[in-house]
Amino acid sequence: RWFFSKYQLPTDMLDNCSAPLLRLPPSDVGEDLDWYTYANGHEHMDFSKHSMEEGDKKRKMNAYALCTSLDRVNEVARYMRDTYCSNDKANYDESYVFIDSEEFETFIRNPAKAAKPARDQG
C-alpha cells in the first residue's frame, strides 16, 4: 500500500550510496485507493459520517501529503548522492517500498481487492 512513515525509513538511506530511493506512486494515486485502510491492511477508519465533498477533499489532501513526502525524501537523498557519492556507486533507482515487496506488487496489480478491510473478530 502507498504510505509514508518516517519511522520506517531505512536508517542508512541518506548516507548509503547504494541504497534505493523511495518508490513514487502513480499520478492518480488519490483517485484509486481506499485511503481509509491503514497500511497494515487490517485497520480501517470510518469516514462514512463525512459528506462526499469532505471525503474527496481528505483523499486529495492525503495524496498530496504522501506524494510530497516521498518526493522530498528522494530529493534530499539525490542531493546527498550527487554531493558525496561517486557516479558509479550512486543508486538512483526508485524501488524501495515500506512493506513486503510481494504484498506490495499484489496490491499494485489489484488495489481494490487488496484494500478490503479485515472483518472485526470482536
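- In terms of hydrophobic clustering, with Ile, Leu, Val, Met, Phe, Trp and Tyr side chains grouped at heavy-atom distances under 4.5 Å, Leu14 and Leu21 are assigned to different clusters.
- Met80 and Val73 fall into different hydrophobic clusters, where Ile, Leu, Val, Met, Phe, Trp and Tyr side chains are chained together by heavy-atom contacts under 4.5 Å.
- If you take CZ on Phe4 and CG on Leu66, they are separated by 9.0 Å, rounding to the nearest 0.5 Å.
- The minimum heavy-atom distance between Arg81 and Met13, with the atom names listed, is NH2-O, 3.1 Å.
- Side-chain heavy atoms closer than 4.5 Å link hydrophobic residues (I, L, V, M, F, W, Y) into clusters, and following such links, even through other members, never connects Val76 to Leu24.
- Looking at Asn91 and Cys17, their side chains never come closer than 4.5 Å, going by heavy atoms from C-beta outward.
- Residue pairs satisfying the side chain to side chain donor-acceptor pair (under 3.5 Å) criterion with at least one member in residues 65-74, sequence neighbours excluded, are listed as follows: Arg72-Glu75.
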Only distances under 3.5 Å count here; give the side-chain donor-acceptor pairs of residues 5-12 to other protein atoms, sequence neighbours excluded, each with its distance to 0.1 Å.
from  : atom 1 : to    : atom 2 : distance (Å)
Ser5  : OG     : Tyr7  : N      : 3.3
Ser5  : OG     : Gln8  : N      : 3.4
Asp12 : OD2    : Asn16 : ND2    : 2.8

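- Applying the salt bridge (Lys or Arg N to Asp or Glu O under 4.0 Å) rule to pairs touching residues 84-97 yields Arg78-Glu94, sequence neighbours excluded.
- Contacts classified as ring pair (Phe, Tyr, Trp, His ring centres under 6.0 Å) and involving residues 77-96 (residues at least two apart or in different chains) are given here: Tyr96-Phe98.
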